[in-house]
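First the structure, in the form of structure tokens, and then the observations on it.
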Amino acid sequence: MKKILICLLAAALATGCKNYLNEDTTGLLYGPNVLSTQDGLESALTGAYKGLGSQWTYGFIHPSANGAVLGADDVTTHPASNKADWREFDQFNVSTTNQRSGAVYNGCYKAIQGANNVINNYSKTVGTKATIDIIAGEAYFIRGFSYYWLTRFYGNIPLVTAGEYSDSLLTIKKSTVAQVYDLIVSDLKKAETMLPNTRRDPGRPNAGSAKAFLADVYLTMAGWPLKQTDKYDLAATKAKEVINNSTLYGFQLMPTFAAVFENDPAVAIIPESVYQISGFAAGSGTANATYGNTAMPGEEGGWDDMFAELNFFAMFPEGPRKDKTFRTQFGLGASTIPWQQSLTRHPYYQKWYIKGNIVTSSISLPSVMMRYAHVLTIYAEAKARGTGGPDQAAYDALNQVRLRGRAAGTKALTPGDGLTASQFADAVVEERAWEFAAERTRWFDLVRLEQVEAANAKKSPDDLQPIKAITKANYWFPLPYSDTSLNPNLN
């Protein structure tokens with residue numbers, strides 16, 4: 001019986017597979033006979049999900065993915081302390097041994113391995129076809145989602161579609177960004193047709209989730225590095241499908257921005273969540289650590305991992321969104337101090353506080369990977385940059401997000417304001433910066449629009465500075481040394 005690949009990536013196999021019996025094999029399967037059953041297929045899918053959500057180890061329910069986007073202008077970190085890995089991103093000096101990007105890298109490839117097992121075997125699985133198709137649809141979504149994160153972080157990467165180990169994986173070569181995106185688009189297209197309109201549970205995607213991510217993928221493909229500008233029209237069309245069927249998919253914009261970030265552990269999912277990775281404090285390794293300690297100042301028992309950049313905070317438009325986004329008074333008791341008197345002298349992100357200001361790193365809250373507000377801004381920007389420029393629906397989509405966040409009395413934007421298509425698109429990107437501050441969105445917007453250099457040139461002198469001139473080479477991270485040292489084809 002063939003051993004199914006249990007290591008994270010081909011290059012890691014040289015060391016990891018020698019001790020495979022010591023690996024955590026939850027959700028991993030050991031042969032085609034098991035994968036031929038519906039229960040076995042479901043178990044393989046569980047293994048894929050684990051790659052996306054394993055506290056302190058893989059994926060997105062611990063702060064690593066937050067640290068890896070510090071090259072944007074919305075978030076920074078402590079200039080000293082034990083934040084060396086964090087500072088590498090903010091100062092554009094990312095090493096091959098950085099554990100923050102490595103955790104996302106390893107987690108995504110673990111998820112891909114599990115998804116490959118499902119995708120390569122579901123057509124031979126015996127059981128209820130409708131359920132098997134849903135399992136496969138989720139696997140296609142997970143694989144497309146994982147490769148999307150990987151190629152945006154690393155650019156040219158190994159494209160692994162095998163679920164079982166073979167020696168050829170030890171010498172695998174990198175695929176081009178275009179090749180990776182071809183697979184991402186193909187996977188998400190399959191997912192949107194195979195997934196149901198209703199999620200099986202809060203931590204799974206539905207058809208609307210796949211369409212929403214496909215719209216985001218198209219928007220990204222239209223920018224750097226591919227610059228396939230024909231994809232703007234595809235992004236707008238796909239986002240509009242989600243908007244027109246938002247009720248069917250269970251998506252809606254919440255009435256207030258504050259309601260989005262109540263961060264109540266008793267609430268499994270909010271209506272604005274398009275796709276999330278759920279966390280469970282009672283489960284082994286499944287608690288979410290992206291809330292609480294990591295985003296709190298030392299004055300409140302926090303770790304000072306991440307907080308707001310000063311100029312970003314200063315430019316942020318006043319209103320209910322700014323009030324809920326930032327924490328500017330610190331102290332857990334009756335006595336508080338303003339952020340200017342804190343040890344770091346920075347505002348922090350209220351978004352990542354737990355309801356009740358609970359000081360912990362293990363909580364039953366999800367990592368929301370896309371909100372419905374994101375879909376609205378995808379449509380507005382893509383329509384503006386595509387054929388014909390922004391229509392009334394694009395203005396309506398932007399205004400839903402904009403007016404909810406800004407001060408009372410803010411005027412809605414209209415075509416009568418005389419904005420060019422380019423000016424309107426710029427307004428959408430700016431609104432996304434405010435709406436999704438510290439939500440792992442701003443970095444990717446700056447990269448695809450080639451604005452990383454300009455954004456970092458506007459840093460406050462009291463924030464961390466790049467240690468050398470930023471070039472396009474800094475838009476991608478180096479592949480982890482654990483892989484490149486074993487496989488020269490990955491250099």
Side-chain angles (χ1 to χ4, degrees), residues 8-9 24 26-27 45-70 72 75 85-86 89 98-115 138-139 141-154 157 184 199 201-205 209 212-213 216-217 261 263 265 268-270 272-281 283-295 305-306 349 351-352 354 361-371 374 436 438-444 477 480:
L8 301 176
L9 182 59
D24 177 1
T26 303
L45 183 64
T46 298
Y49 278 113
K50 186 168 183 179
L52 302 181
S54 181
Q55 189 184 40
W56 309 123
T57 309
Y58 308 125
F60 301 92
I61 62 170
H62 58 104
S64 287
N66 293 18
V69 295
L70 261 66
V75 186
D85 278 354
W86 294 75
F89 295 102
N98 189 290
Q99 295 183 15
R100 296 296 166 181
S101 70
V104 175
Y105 182 88
N106 290 338
C108 284
Y109 273 111
K110 180 175 174 63
I112 288 165
Q113 176 263 319
E138 290 183 21
F141 177 87
I142 290 171
R143 190 170 74 175
F145 171 90
S146 299
Y147 274 124
Y148 186 39
W149 273 86
L150 286 168
T151 196
R152 287 186 298 169
F153 272 161
Y154 295 96
I157 55 173
I184 293 168
R199 290 175 260 230
D201 63 48
R204 298 177 189 267
S209 310
F213 272 90
D216 199 50
V217 166
F261 292 99
N263 297 342
I269 188 170
I270 59 172
E272 200 156 317
S273 176
V274 169
Y275 175 63
Q276 68 182 41
I277 300 168
S278 296
F280 304 97
S284 175
T286 58
N288 198 336
T290 55
Y291 297 84
N293 289 110
T294 185
D305 283 341
M306 58 178 180
Y349 276 102
K351 282 182 171 183
W352 295 108
I354 302 163
S361 60
S362 297
I363 199 70
S364 294
L365 278 168
S367 282
V368 178
M369 306 306 293
M370 183 182 288
R371 295 195 277 117
H374 196 126
F436 304 111
E439 292 183 55
R440 302 175 291 214
T441 296
R442 179 66 170 164
W443 167 250
F444 297 121
F477 309 145

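When a residue number appears, it is its place in the shown sequence, counting from 1. The analysis underlying the following values was restricted to heavy atoms, covering all of them including side chains, and did not include hydrogens, waters or symmetry mates.
To the nearest 0.5 Å, the span separating CD on E138 from CG on L45 amounts to 5.0 Å. Rounding to the nearest 0.5 angstrom, the gap separating the OG atom in S278 from the CD1 atom in I269 is 7.0 Å. To the nearest 0.5 angstrom, F89 atom CZ is 7.0 Å from F153 atom CZ. The CD atom of E439 sits 11.0 Å away from atom OG1 of T290, with the distance rounded to the nearest 0.5 Å. One finds the CE atom of M369 at 4.5 Å from the CD1 atom of I277 (value rounded to the nearest 0.5 Å).
In this structure, S273 contributes its side chain and V368 its backbone to no donor-acceptor pair below 3.5 Å. One N or O on the side chain of S364 and one on the backbone of A281 form a donor-acceptor pair closer than 3.5 Å. With hydrogens and angles disregarded, a donor-acceptor distance shorter than 3.5 Å links the side chain of Q276 to the backbone of A268. A donor-acceptor contact shorter than 3.5 Å is absent between the side chain of D85 and the backbone of N98. Looking only at distances, a side-chain donor or acceptor of Q55 sits under 3.5 Å from a matching main-chain atom of S361. Looking only at distances, a side-chain donor or acceptor of W352 sits under 3.5 Å from a matching main-chain atom of A438.
Considering every non-hydrogen atom in both Y275 and G203, the closest pair reads CE1-O, 3.8 Å. Across all their heavy atoms, I157 and Y109 have their closest contact at CB-OH, 3.7 Å.
Using cut-offs of 30° and 60° for the angle between ring planes, the F145 and F60 rings count as perpendicular.
Annotation: cation-pi pair R152/W149 present, NZ/CZ under 6.0 Å from the ring centroid and within 45° of its normal.
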- prompt: Passes side chain to side chain donor-acceptor pair (under 3.5 Å), S367 versus N288? Steps please.
  reply: CA-CA 8 Å; S367 282; N288 198 336; 3.2 Å; yes
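In this structure, Y154 has its ring center no closer than 6.0 Å to that of Y147.
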